[in-house]
Amino acid sequence: MEYEVDAKEEKSSKARAILKGFVALLLLVAFIYSSGVYQRFLYQRTSPLVEQELLESRVDAEVLPIQLSVFVLRNEEFNGSKRSYESVLRLVENASIVWEQAGIMLEIKDIYELERSDREINLLLDNPSLFVANVKEFDSRTINVFLVENLRGINGIAFGGIRAVQVADYTTVYDFRALAHEIGHILGLGHVRGDIRRLMYQGANGSALSPDEIIRARATVINSF
Amino acid sequence: MEPVKVIKRSESEAGWQFTVEVGAESDRIGYSVFLDKEYYQKLTKEKRKPEELVHRSFLFLLQREAKTAILRSFNLHEISYYFSEYEEEMRRKMGL
(Lines give C-alpha, C1' and ligand atoms only; values in the text may rest on other atoms or scores of the structure.)
Protein backbone atom coordinates (compact mmCIF):
# COMPACT_ATOMS: atom_id res chain seq x y z
CA MET A 1 0.00 0.00 0.00
CA GLU A 2 2.69 2.44 1.09
CA TYR A 3 4.66 1.51 -1.95
CA GLU A 4 1.70 2.47 -4.23
CA VAL A 5 1.34 5.92 -2.59
CA ASP A 6 5.05 6.60 -3.13
CA ALA A 7 4.74 5.65 -6.78
CA LYS A 8 1.74 8.01 -7.23
CA GLU A 9 3.61 10.88 -5.55
CA GLU A 10 6.61 10.24 -7.72
CA LYS A 11 4.42 10.35 -10.84
CA SER A 12 2.74 13.56 -9.72
CA SER A 13 6.06 15.24 -8.94
CA LYS A 14 7.39 14.18 -12.37
CA ALA A 15 4.29 15.70 -14.00
CA ARG A 16 4.82 18.95 -12.08
CA ALA A 17 8.45 19.10 -13.17
CA ILE A 18 7.47 18.54 -16.82
CA LEU A 19 4.79 21.26 -16.57
CA LYS A 20 7.28 23.69 -14.99
CA GLY A 21 9.79 22.93 -17.74
CA PHE A 22 7.14 23.47 -20.39
CA VAL A 23 6.07 26.82 -18.89
CA ALA A 24 9.71 27.92 -18.66
CA LEU A 25 10.23 26.97 -22.31
CA LEU A 26 7.10 28.87 -23.32
CA LEU A 27 8.29 31.95 -21.43
CA LEU A 28 11.70 31.71 -23.08
CA VAL A 29 10.16 31.41 -26.56
CA ALA A 30 7.82 34.35 -25.80
CA PHE A 31 10.80 36.45 -24.64
CA ILE A 32 12.86 35.59 -27.72
CA TYR A 33 9.90 36.36 -30.00
CA SER A 34 8.90 39.64 -28.38
CA SER A 35 12.44 40.95 -28.04
CA GLY A 36 13.34 40.20 -31.64
CA VAL A 37 16.64 38.63 -30.52
CA TYR A 38 16.24 36.05 -33.28
CA GLN A 39 16.37 38.78 -35.94
CA ARG A 40 20.14 39.01 -35.63
CA PHE A 41 20.59 35.27 -36.10
CA LEU A 42 17.90 34.37 -38.61
CA TYR A 43 17.80 37.49 -40.81
CA GLN A 44 20.59 38.91 -42.95
CA ARG A 45 22.44 42.11 -43.60
CA THR A 46 22.15 43.10 -47.25
CA SER A 47 25.43 42.46 -49.01
CA PRO A 48 27.18 45.55 -50.43
CA LEU A 49 27.42 43.60 -53.68
CA VAL A 50 23.64 43.58 -54.15
CA GLU A 51 22.37 46.44 -56.27
CA GLN A 52 18.86 47.31 -57.32
CA GLU A 53 18.53 46.73 -61.06
CA LEU A 54 17.81 49.85 -63.04
CA LEU A 55 14.11 50.30 -63.78
CA GLU A 56 12.84 52.25 -66.72
CA SER A 57 10.95 55.38 -65.74
CA ARG A 58 7.28 54.95 -66.56
CA VAL A 59 6.59 58.64 -66.26
CA ASP A 60 7.03 61.29 -68.90
CA ALA A 61 7.09 64.22 -66.50
CA GLU A 62 9.53 66.09 -64.30
CA VAL A 63 11.47 64.16 -61.69
CA LEU A 64 10.15 64.90 -58.21
CA PRO A 65 12.76 64.98 -55.45
CA ILE A 66 11.99 63.93 -51.88
CA GLN A 67 14.44 64.74 -49.16
CA LEU A 68 15.37 62.26 -46.47
CA SER A 69 16.74 63.00 -43.01
CA VAL A 70 18.55 59.86 -41.97
CA PHE A 71 19.16 59.01 -38.32
CA VAL A 72 21.52 56.19 -37.44
CA LEU A 73 20.59 55.23 -33.87
CA ARG A 74 23.68 53.84 -32.21
CA ASN A 75 24.61 52.25 -28.93
CA GLU A 76 26.71 49.44 -27.54
CA GLU A 77 23.63 47.48 -26.49
CA PHE A 78 21.48 45.23 -28.66
CA ASN A 79 19.35 47.49 -30.86
CA GLY A 80 21.85 50.13 -31.96
CA SER A 81 22.53 50.11 -35.70
CA LYS A 82 25.96 48.90 -36.81
CA ARG A 83 25.68 50.39 -40.31
CA SER A 84 28.63 52.21 -41.81
CA TYR A 85 28.22 55.57 -43.53
CA GLU A 86 28.77 53.89 -46.91
CA SER A 87 26.04 51.39 -46.12
CA VAL A 88 23.61 54.26 -45.44
CA LEU A 89 24.50 55.87 -48.78
CA ARG A 90 24.02 52.54 -50.60
CA LEU A 91 20.69 51.97 -48.86
CA VAL A 92 19.26 55.29 -50.03
CA GLU A 93 20.82 55.09 -53.48
CA ASN A 94 19.29 51.68 -54.18
CA ALA A 95 15.89 52.67 -52.75
CA SER A 96 15.98 55.72 -54.99
CA ILE A 97 16.52 53.50 -58.04
CA VAL A 98 13.30 51.65 -57.12
CA TRP A 99 11.42 54.95 -57.09
CA GLU A 100 12.92 56.16 -60.38
CA GLN A 101 10.19 54.21 -62.21
CA ALA A 102 7.73 56.73 -60.72
CA GLY A 103 9.90 59.72 -61.58
CA ILE A 104 10.64 60.21 -57.87
CA MET A 105 14.18 60.72 -56.61
CA LEU A 106 15.25 60.21 -53.00
CA GLU A 107 17.83 62.73 -51.87
CA ILE A 108 19.73 62.75 -48.60
CA LYS A 109 19.31 66.03 -46.79
CA ASP A 110 21.44 64.96 -43.88
CA ILE A 111 22.71 61.96 -41.95
CA TYR A 112 22.86 62.09 -38.17
CA GLU A 113 24.50 59.65 -35.80
CA LEU A 114 22.50 59.67 -32.58
CA GLU A 115 23.37 57.86 -29.38
CA ARG A 116 20.20 56.31 -27.98
CA SER A 117 19.72 53.51 -25.45
CA ASP A 118 17.80 50.34 -26.30
CA ARG A 119 15.01 51.61 -24.07
CA GLU A 120 14.74 54.80 -26.15
CA ILE A 121 14.95 52.85 -29.41
CA ASN A 122 12.08 50.65 -28.24
CA LEU A 123 10.10 53.81 -27.53
CA LEU A 124 10.36 54.73 -31.21
CA LEU A 125 8.45 51.58 -32.10
CA ASP A 126 5.94 51.89 -29.27
CA ASN A 127 5.36 55.64 -29.27
CA PRO A 128 7.04 57.31 -32.26
CA SER A 129 5.57 60.78 -31.60
CA LEU A 130 7.06 60.83 -28.13
CA PHE A 131 10.43 59.61 -29.42
CA VAL A 132 10.73 62.21 -32.20
CA ALA A 133 9.75 64.99 -29.79
CA ASN A 134 13.24 64.48 -28.35
CA VAL A 135 15.05 64.52 -31.70
CA LYS A 136 15.75 68.17 -32.45
CA GLU A 137 17.02 67.39 -35.96
CA PHE A 138 13.69 65.75 -36.89
CA ASP A 139 12.41 67.55 -39.98
CA SER A 140 8.76 67.05 -40.88
CA ARG A 141 9.32 68.57 -44.34
CA THR A 142 11.38 65.49 -45.16
CA ILE A 143 10.91 61.76 -44.71
CA ASN A 144 12.73 60.84 -41.51
CA VAL A 145 14.50 57.49 -41.75
CA PHE A 146 15.54 55.81 -38.49
CA LEU A 147 18.02 52.95 -38.73
CA VAL A 148 18.31 50.38 -35.95
CA GLU A 149 19.70 46.87 -35.71
CA ASN A 150 16.49 44.95 -35.15
CA LEU A 151 12.82 45.71 -35.04
CA ARG A 152 11.34 42.86 -33.03
CA GLY A 153 11.25 40.67 -36.10
CA ILE A 154 10.03 43.09 -38.76
CA ASN A 155 12.05 44.54 -41.63
CA GLY A 156 10.70 48.05 -41.50
CA ILE A 157 7.75 50.14 -40.43
CA ALA A 158 6.21 53.44 -41.52
CA PHE A 159 4.68 56.02 -39.23
CA GLY A 160 2.56 57.92 -41.73
CA GLY A 161 1.28 60.58 -39.34
CA ILE A 162 4.77 61.87 -38.57
CA ARG A 163 6.52 61.11 -41.87
CA ALA A 164 8.96 58.68 -40.35
CA VAL A 165 10.08 55.18 -41.20
CA GLN A 166 12.27 52.67 -39.44
CA VAL A 167 14.42 50.05 -41.15
CA ALA A 168 16.39 47.25 -39.48
CA ASP A 169 20.01 46.26 -40.23
CA TYR A 170 18.90 42.62 -40.36
CA THR A 171 16.08 41.93 -42.78
CA THR A 172 14.44 39.06 -44.65
CA VAL A 173 14.39 41.13 -47.87
CA TYR A 174 16.98 43.56 -49.24
CA ASP A 175 17.24 46.51 -46.85
CA PHE A 176 16.81 49.03 -49.68
CA ARG A 177 13.65 47.24 -50.76
CA ALA A 178 12.37 47.53 -47.18
CA LEU A 179 13.13 51.26 -47.22
CA ALA A 180 11.49 51.77 -50.63
CA HIS A 181 8.42 49.82 -49.41
CA GLU A 182 8.06 51.92 -46.25
CA ILE A 183 8.44 55.12 -48.24
CA GLY A 184 5.58 53.79 -50.37
CA HIS A 185 3.39 53.86 -47.26
CA ILE A 186 4.43 57.45 -46.51
CA LEU A 187 3.42 58.31 -50.09
CA GLY A 188 -0.05 56.89 -49.51
CA LEU A 189 0.28 53.35 -50.82
CA GLY A 190 -1.18 50.32 -49.06
CA HIS A 191 -0.20 46.66 -49.21
CA VAL A 192 -1.05 44.55 -52.24
CA ARG A 193 -1.62 40.80 -52.38
CA GLY A 194 -1.08 38.07 -54.88
CA ASP A 195 1.92 39.38 -56.84
CA ILE A 196 5.34 39.14 -55.22
CA ARG A 197 6.86 41.29 -57.97
CA ARG A 198 5.14 44.36 -56.57
CA LEU A 199 6.89 46.82 -54.25
CA MET A 200 3.95 46.99 -51.89
CA TYR A 201 3.72 43.21 -51.46
CA GLN A 202 4.86 42.31 -47.95
CA GLY A 203 7.99 40.27 -47.31
CA ALA A 204 9.41 39.83 -50.82
CA ASN A 205 11.96 41.63 -53.00
CA GLY A 206 9.53 42.85 -55.68
CA SER A 207 9.93 46.44 -56.81
CA ALA A 208 7.22 47.06 -59.42
CA LEU A 209 4.71 49.86 -59.07
CA SER A 210 1.37 49.89 -60.89
CA PRO A 211 0.32 52.97 -62.90
CA ASP A 212 -2.27 53.78 -60.21
CA GLU A 213 0.36 53.59 -57.47
CA ILE A 214 2.68 55.85 -59.45
CA ILE A 215 -0.07 58.44 -59.90
CA ARG A 216 -1.00 58.33 -56.22
CA ALA A 217 2.60 58.54 -54.99
CA ARG A 218 3.42 61.46 -57.29
CA ALA A 219 0.25 63.26 -56.23
CA THR A 220 1.28 62.88 -52.58
CA VAL A 221 4.73 64.31 -53.32
CA ILE A 222 3.28 67.23 -55.28
CA ASN A 223 0.60 68.04 -52.71
CA SER A 224 2.36 67.30 -49.44
CA PHE A 225 6.11 67.77 -49.85
CA MET B 1 19.86 67.56 -51.92
CA GLU B 2 21.35 66.39 -55.15
CA PRO B 3 23.38 63.18 -55.27
CA VAL B 4 26.93 63.64 -53.98
CA LYS B 5 29.68 61.23 -54.98
CA VAL B 6 33.13 61.34 -53.37
CA ILE B 7 36.11 59.76 -55.13
CA LYS B 8 39.55 59.64 -53.51
CA ARG B 9 42.22 60.70 -56.01
CA SER B 10 45.41 60.67 -54.03
CA GLU B 11 46.91 60.51 -50.59
CA SER B 12 50.12 62.04 -49.29
CA GLU B 13 51.68 62.63 -45.87
CA ALA B 14 49.90 65.96 -45.71
CA GLY B 15 46.44 64.75 -46.62
CA TRP B 16 44.08 63.64 -49.36
CA GLN B 17 42.75 64.95 -52.61
CA PHE B 18 39.20 64.08 -53.66
CA THR B 19 37.00 64.66 -56.64
CA VAL B 20 33.43 65.33 -55.63
CA GLU B 21 30.60 65.11 -58.13
CA VAL B 22 27.30 66.77 -57.37
CA GLY B 23 24.10 66.35 -59.34
CA ALA B 24 22.55 63.97 -61.81
CA GLU B 25 24.26 63.11 -65.09
CA SER B 26 22.73 65.96 -67.08
CA ASP B 27 23.91 68.78 -64.81
CA ARG B 28 26.74 67.31 -62.79
CA ILE B 29 29.46 69.57 -61.41
CA GLY B 30 32.87 68.30 -60.31
CA TYR B 31 34.96 69.75 -57.48
CA SER B 32 38.51 69.24 -56.40
CA VAL B 33 38.72 69.03 -52.61
CA PHE B 34 41.72 68.84 -50.31
CA LEU B 35 41.68 67.53 -46.77
CA ASP B 36 44.67 68.01 -44.47
CA LYS B 37 45.39 65.07 -42.17
CA GLU B 38 45.76 67.38 -39.20
CA TYR B 39 42.38 68.96 -39.86
CA TYR B 40 40.81 65.53 -40.40
CA GLN B 41 42.14 64.38 -37.02
CA LYS B 42 40.85 67.52 -35.38
CA LEU B 43 37.30 67.01 -36.69
CA THR B 44 36.91 63.24 -36.58
CA LYS B 45 39.50 62.04 -34.04
CA GLU B 46 40.08 59.45 -36.79
CA LYS B 47 36.81 57.74 -35.85
CA ARG B 48 35.28 58.36 -39.29
CA LYS B 49 36.64 57.90 -42.80
CA PRO B 50 37.96 60.95 -44.68
CA GLU B 51 35.39 60.24 -47.44
CA GLU B 52 32.57 60.50 -44.91
CA LEU B 53 33.79 63.89 -43.69
CA VAL B 54 33.98 65.19 -47.26
CA HIS B 55 30.52 63.83 -48.11
CA ARG B 56 28.99 65.34 -44.97
CA SER B 57 30.72 68.65 -45.72
CA PHE B 58 29.05 68.80 -49.12
CA LEU B 59 25.63 68.04 -47.60
CA PHE B 60 26.35 70.92 -45.22
CA LEU B 61 27.31 73.28 -48.06
CA LEU B 62 24.38 72.31 -50.28
CA GLN B 63 21.95 73.18 -47.49
CA ARG B 64 23.35 76.68 -47.54
CA GLU B 65 24.10 77.47 -51.15
CA ALA B 66 23.50 76.33 -54.70
CA LYS B 67 26.03 73.93 -56.13
CA THR B 68 27.01 76.54 -58.69
CA ALA B 69 28.05 78.86 -55.86
CA ILE B 70 30.51 76.39 -54.34
CA LEU B 71 34.17 76.95 -55.24
CA ARG B 72 35.41 74.37 -57.76
CA SER B 73 38.58 73.78 -55.83
CA PHE B 74 39.10 74.31 -52.11
CA ASN B 75 40.55 72.92 -48.90
CA LEU B 76 38.00 71.62 -46.41
CA HIS B 77 39.28 73.81 -43.58
CA GLU B 78 38.26 76.89 -45.60
CA ILE B 79 34.57 76.12 -45.04
CA SER B 80 34.73 77.41 -41.48
CA TYR B 81 35.91 80.81 -42.76
CA TYR B 82 32.51 81.23 -44.39
CA PHE B 83 30.35 79.20 -42.01
CA SER B 84 31.46 79.47 -38.40
CA GLU B 85 29.13 76.66 -37.30
CA TYR B 86 30.71 74.14 -39.69
CA GLU B 87 33.10 72.33 -37.35
CA GLU B 88 30.62 72.05 -34.50
CA GLU B 89 27.90 70.76 -36.83
CA MET B 90 30.19 68.16 -38.34
CA ARG B 91 31.09 66.81 -34.90
CA ARG B 92 27.46 66.79 -33.80
CA LYS B 93 26.23 64.98 -36.92
CA MET B 94 28.97 62.40 -36.63
CA GLY B 95 28.03 61.87 -32.99
CA LEU B 96 31.50 62.87 -31.77
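Bear in mind the structure is a predicted one, so any value in this text is a computation, not a measurement. Just so we're on the same page: letters track the sequence lines, and every chain starts at 1.
- Contacts classified as ring-ring contact (aromatic ring centres under 6.0 Å, His included) and involving residues 205-225 of chain A (residues at least two apart or in different chains) are not found.
- The two residues Leu59(B) and Ile108(A) have their closest heavy-atom pair at CD2-O, 3.6 Å.
- In this structure Tyr82(B) satisfies the ring-ring contact (aromatic ring centres under 6.0 Å, His included) test with no other residue, sequence neighbours excluded.
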Pairs of donor and acceptor atoms under 3.5 Å between chain B and chain A, please, with atom names and distances.
from: Met1(B); atom 1: N; to: Glu107(A); atom 2: OE1; distance (Å): 2.5
from: Lys49(B); atom 1: NZ; to: Glu86(A); atom 2: OE2; distance (Å): 3.3
from: His55(B); atom 1: ND1; to: Tyr85(A); atom 2: OH; distance (Å): 2.7
from: Arg56(B); atom 1: NH1; to: Ile111(A); atom 2: O; distance (Å): 2.4
from: Arg56(B); atom 1: NH2; to: Glu113(A); atom 2: OE2; distance (Å): 3.4
from: Gln63(B); atom 1: NE2; to: Lys109(A); atom 2: O; distance (Å): 2.8
from: Gln63(B); atom 1: NE2; to: Asp110(A); atom 2: OD2; distance (Å): 2.6
from: Arg92(B); atom 1: NH1; to: Glu137(A); atom 2: OE2; distance (Å): 2.5
from: Lys93(B); atom 1: O; to: Glu113(A); atom 2: N; distance (Å): 2.8
from: Lys93(B); atom 1: NZ; to: Asp110(A); atom 2: OD2; distance (Å): 2.6

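- Around the CD1 atom of Ile196(A), the shell of radius 6.0 Å holds no more than 12 heavy atoms that belong to other residues, nucleotides or ligands.
- Looking at residues two or more places apart in sequence or on another chain, you find a ring-ring contact (aromatic ring centres under 6.0 Å, His included) between Phe131(A) and Phe146(A).
- For Leu106(A), no part lies under 4.5 angstrom from a heavy atom of chain B.
- Residue Leu114(A) does not touch chain B at all, counting heavy-atom pairs closer than 4.5 Å.
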